[in-house]
Every structure is written in C-alpha cells, then in structure tokens.
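In what follows, a structure is listed as structure tokens, so that the remarks can point back to it.
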Amino acid sequence: MEARFVLSFLCMTLIYVESNTGPLEDVILDKYSVPSICPRKVEPGDYVRYHYNGTFTDGKKFDSSHDRGAPFSGQVGHGRLITGVDRGIQAMCVNERRKITVPPHLAYGSQGAGDVVPPDTTLVFDVVMLDIWNKGDKVQTRTLHKPKDCKRTVQSSDFLRYHYNGTLLDGTPFDSSYNRKQTYNTYVGEGWLIKGMEEGLLGMCVGETRNVIIPPFLGYGAEGYGTEIPSQASLMFDVLLVDLHNPKDDISIENQVVPESCSRKSVVGDYIRYHYNGTFLDGTSFDSSYQRNSTYNTYIGMGYVIAGMDKALQGVCMGEQRRITMPPHMGYGESGAGKDIPGSAVLVFDIHVIDFHNPKDLVDIQITHKPEECNLTSSGDDLIHYHYNCSLMDGTLLFSSMDYENPQEAVLGADKVIDGLDEGLRGMCVGEKRVLIIPPHLGHGENGASGVPGSAVLHFELELVEIQKGVPEGYLFVWMEESPKELFQALDMNKDKEVPLEEFSEFIKIQVAEGNGRLRPGQDPDAIIKDMFKNQDRNKDGKITVEELKLKVDEDAEKALHEEL
C-alpha cells in the first residue's frame, strides 16, 4: 500500500462524496476460508497483522506483503487503513481468508495512488489474518492438564525447568525446547524472561501443561526477535513444567515408614546399605538400585554421596523407608551428571534402608530366653551344638539349621564360624536362646560370602542344644583332676613294664569314663588316643617304656605330658 498520508485525505473526500451523490457501492466480501474455532474476531481499536495480495479486477497484481516477506501491521478503525480494507477485515478470525473487493470511493478514489493505482480503480485484496491484539489485552492462560497432586506452585524467585512449543498466533512455529532435547531453565521474577512468560508461568504445578498467549507489548514488541518473531507479534506457548525449586530450599522428607522397633538411628560415620529408586519431579526415572539387584553402600556424613543424600540418610532406622526431595544445589547442581541427570534438576529418591553399622560396633547380644538352672556355660574350645536362623536386617532369610537333620556344631575358638557368631555363642547355657546383630567386620566383611552381600549386617536367632567341654588348642586330652604322680605305673596296668596301644587306650577311656580326664570333643576317640600314643612311643616299636616317658619329661614336656595325658 502506498504512503499513509494519503489515507486521511481520502477519508474526508469520501465522506463528502457520500453525502452529495447518494448511495455508493460498499465492499464485497468473499469469506472463502473460515476456521471452525474462532475465539476472537477483529474489532475497531484492535491491532492486526495480516498478509495480503492486492490486484485489480483483471487479476493484475499491484502490491503484495508476501512479496516483501513481511506482513502488514496496523490498527483497525482509526483511519490508518484505506476505508474499504478497514471495513473488510472487521470480524475476521485468525487464519481466516477473505477476498475483499473495494470500490474506488473506499480505496484511492479519483486521485488514485501515484503510478501504481489509477484513478477510480476497484481493488481486490486477498487477505489472511495472522494476529489480533489490543492494548487492553492481558496474558491469557488455559490449563490443558493439571496433576491431581499439586503440593507447590510457581512463585516469584523460583527456578524452573520447563519444555515448550512456541508459535505465532496463526500457528507458525518459531521455537521449541523439544527440538533441542533440553528444557528451558530460568528464574521467575528476576527479569530473565519476557514479561508475559513471567506472568504466564506463575501458579503452575510440576507436570501441569498450559497454553499461554502473550500480547506483543508483553512479548518482543515492535522490535520482534530475529527472523523468527516479527514485529508486534502475539506469542503462543504450550508449556510443560518439569520441575521447580527455590535457591533457599532444603531437602524435604515424606512418606516415612518407620519400623516399630528402632533401637538405634544412623549417625555420621556409619556405613549404610540402602535401596533406592531415583526420579525427577515429573516421575521420570533416572536410576534404580533394584534394577542392578544390588544395594548402594556408603559412609554417612563424610562426603561420599551428594549433600542432600548425605543429610537425608542421617537419623534413619534399619528398615525405614522415606521419600527424599532435594533441590539441585544439594544434588548435582547446574552441571547435572552425565546423560541421565540434566543440570539444575530436582531429584526425588524413594529409599529403603537395609542396614547400617559403624566400624567400631561390637556384637549386639540380646538374650531372649534363659533356663532357670544354668550351671554350665559354653566357652572357648568347647564343642557345641546349636540351632540358628541367619537373616539380613530386612528379614531376608539366608541360612537355617532347620534345613538339616541335625543341629549345627562348632568348636568355639577354632575359626570355624565368623568371629561375631563365635563371640555370641559363648557364655550360653543349654536351652538358652539369643538374638545376635553382627556387623560386617565381625561377619563376612566387605566381600560377603556365597549368598551373603558384601558389608551386610547379619541377624542370628540362636538356641544352644548341647555343650561338650573342650580342651585347649594343641591338646588332645586334659586331666580334670591332678594326674597320677607315678604316671607310668598307672599306665602299666598289667605291670609288665611296657604299655602297648591297647593298654594305653583302655587306661585313657577309663579316665574319661570316671570323669578324671577329657578328650578333644568332636573327633573319633580311638583316633585321638592313637595320636596320643604315637606322641609317647618315641622309638615307634609299638609300646611305651618308662625310659621313653622319662625322655619326654627330660625334654621339658612334663607339663604338657601330664596335662595331655
């Protein structure tokens, strides 16, 4: 269209003509494409952006916004457009297409427009409406989806991560975070966003989807933005809020399930084993210990894990479950972690504490039943028989003596059981029952064992069935009373001055039967006696003489001899 200074002159002239020559022809409208949805129509006072092709009635083109590559912008009803077009575009919808035929007196009249439009020429404008707005407009928000659970909404000074598709009002896309495969991250209320977006994001919940329409004066205004957003363009955003936090946020803990029995809570310096599911605020999973079928194991309060987890794991009970929500400054910060955790992400962990211990922990022994009469208790070197159930602290059963025909047996102090169990089995009466809590350094350690995870705290239920008192390490037999002063004479039962194996064996068995001595328990008595005999039969001739017994004494083994025999 030609210079706008012509328009005001034409308007006044046309008024004069209309008042003196009688009725004149009005514009002719051909509404050949009308959208099914039309939330708003052009009214006087509105600002509009539209593309057009201007032709004469014979189809010859005289002007085109398409050819210039820029739509026309102007205000309706204020004489800033030629009268016929001003009338013709009223009540149009965005994306509506009209062919407006404008008679000369509503166009450039008898004067024409320079060399472009001859006098008294009827003009045809093929118009597509792109945008409608008014200075009285506000940001329009429409919720497309809102989650049922909305504990917190966006407030000024929050930091957000959101996805969006941005289009002009006619649907022309200009930007999308989805195409970049990363959220847009920003503060709200700090001037980092256009004013309309600042307003449109307030009050949103995580997981909410909103349609936000922003008038140009709350967007990029007359300047537009680059080649994507033209001057005076209304903007439309479909926004999905992924998460939000405030720099002042601390971790939050909820959905706690605490066991009824909690004799101890975790403290700084403890070593803990726990399972977890890690998600973002929108529920998207990024990691899970369950998928690896292995707990996460770490020290507490020593900087081995992110600050939020370090803090959240303090003060928990074994078996406790809790949900931890941590802001990024207590998680992986602005940088994120690899491909899985983006920068500035709020993290949610659902954790289940399996067990924890301290490297200084001792065996925790709880007596659950003790017989009224308890004259004999277990000690080092004893052979004991006992029943047991061995579990993890979450109740997972690992081993049980009930799976076998006979009770378990062990010689205390012989390194046949883990140290914590050896300790917990001492001082028990027959019929006594105990519960042991054994830390891993007194159990199977960091590496674990077949069926036992590394660094696992073990829970034992014990019942002592039998005690066979033992002999010290390195001995096969000990006297319960003083040994005979004349030992050889006592051994030489038939007084023939030599002691064969049969006579030696008979003597020892008599001592055991009468309670005068005790053989090492848990082994074949005949084999033990035979080993004892070999130790005394110096010349290996099958009999012990007084000289051999004296030789043993001469070798400074008298104490061992008398105690062992």
Side-chain angles (χ1 to χ4, degrees), residues 1-18 21-36 38 40-44 46-133 168-172 224 227 230-234:
M1 295 183 187
E2 289 299 316
R4 296 181 186 176
F5 71 85
V6 178
L7 298 181
S8 60
F9 171 76
L10 288 176
C11 288
M12 290 187 292
T13 303
L14 291 171
I15 292 171
Y16 175 80
V17 170
E18 287 190 55
T21 61
L24 296 175
E25 184 182 3
D26 203 347
V27 296
I28 300 173
L29 301 179
D30 178 8
K31 303 176 183 180
Y32 66 88
S33 179
V34 180
S36 59
C38 182
R40 179 174 186 172
K41 296 181 178 181
V42 176
E43 296 179 2
D46 284 342
Y47 288 82
V48 293
R49 280 192 317 111
Y50 58 86
H51 266 306
Y52 69 92
N53 283 318
T55 65
F56 302 124
T57 54
D58 62 359
K60 182 180 179 181
K61 187 189 297 184
F62 67 85
D63 192 15
S64 173
S65 64
H66 295 283
D67 293 346
R68 290 194 299 275
F72 180 82
S73 299
Q75 190 175 20
V76 179
H78 286 264
R80 297 182 181 180
L81 308 174
I82 62 172
T83 304
V85 173
D86 206 320
R87 293 182 184 181
I89 65 174
Q90 292 195 33
M92 281 190 79
C93 308
V94 171
N95 284 328
E96 182 177 344
R97 294 176 181 270
R98 287 183 180 180
K99 187 174 286 186
I100 306 170
T101 301
V102 181
H105 66 280
L106 297 178
Y108 293 103
S110 59
Q111 293 186 3
D115 297 332
V116 178
V117 179
D120 298 316
T121 303
T122 298
L123 305 179
V124 180
F125 293 91
D126 195 340
V127 177
V128 55
M129 186 59 62
L130 303 178
D131 200 345
I132 308 169
W133 62 277
L168 304 179
L169 210 57
D170 66 343
T172 302
T227 59
S231 171
Q232 302 294 13
S234 298

Could you check whether any side-chain heavy atom of [X] comes within less than 4.5 Å of a side-chain heavy atom of [Y], counting everything from C-beta outward?
X	Y	result
Leu29	Ile100	yes
Val127	Val85	no
Asp67	Lys61	yes
Ile89	Arg98	no

Does a sphere of radius 6.0 Å around CG in Asp115 hold more than 12 heavy atoms from other residues, nucleotides or ligands, not counting ones at 6.0 Å or beyond?
no
Around atom CZ of Arg40, are there more than 12 heavy atoms from other residues, nucleotides or ligands closer than 6.0 Å?
yes
Less than 4.0 Å between a side-chain N and a carboxylate O, is that true for Arg49 and Asp131?
yes
Less than 4.0 Å between a side-chain N and a carboxylate O, is that true for Arg68 and Asp63?
yes
Enter the distance from [X]:[atom1] to [Y]:[atom2] here, rounded to the nearest 0.5 Å.
X	Y	atom1	atom2	answer
Cys93	Ile132	SG	CD1	7.0 Å
Lys31	Met92	NZ	CE	9.0 Å
Thr101	Asp26	OG1	CG	11.5 Å

Check whether the side chains of Ser64 and Asn53 place a donor and an acceptor atom closer than 3.5 Å, and report yes or no.
yes
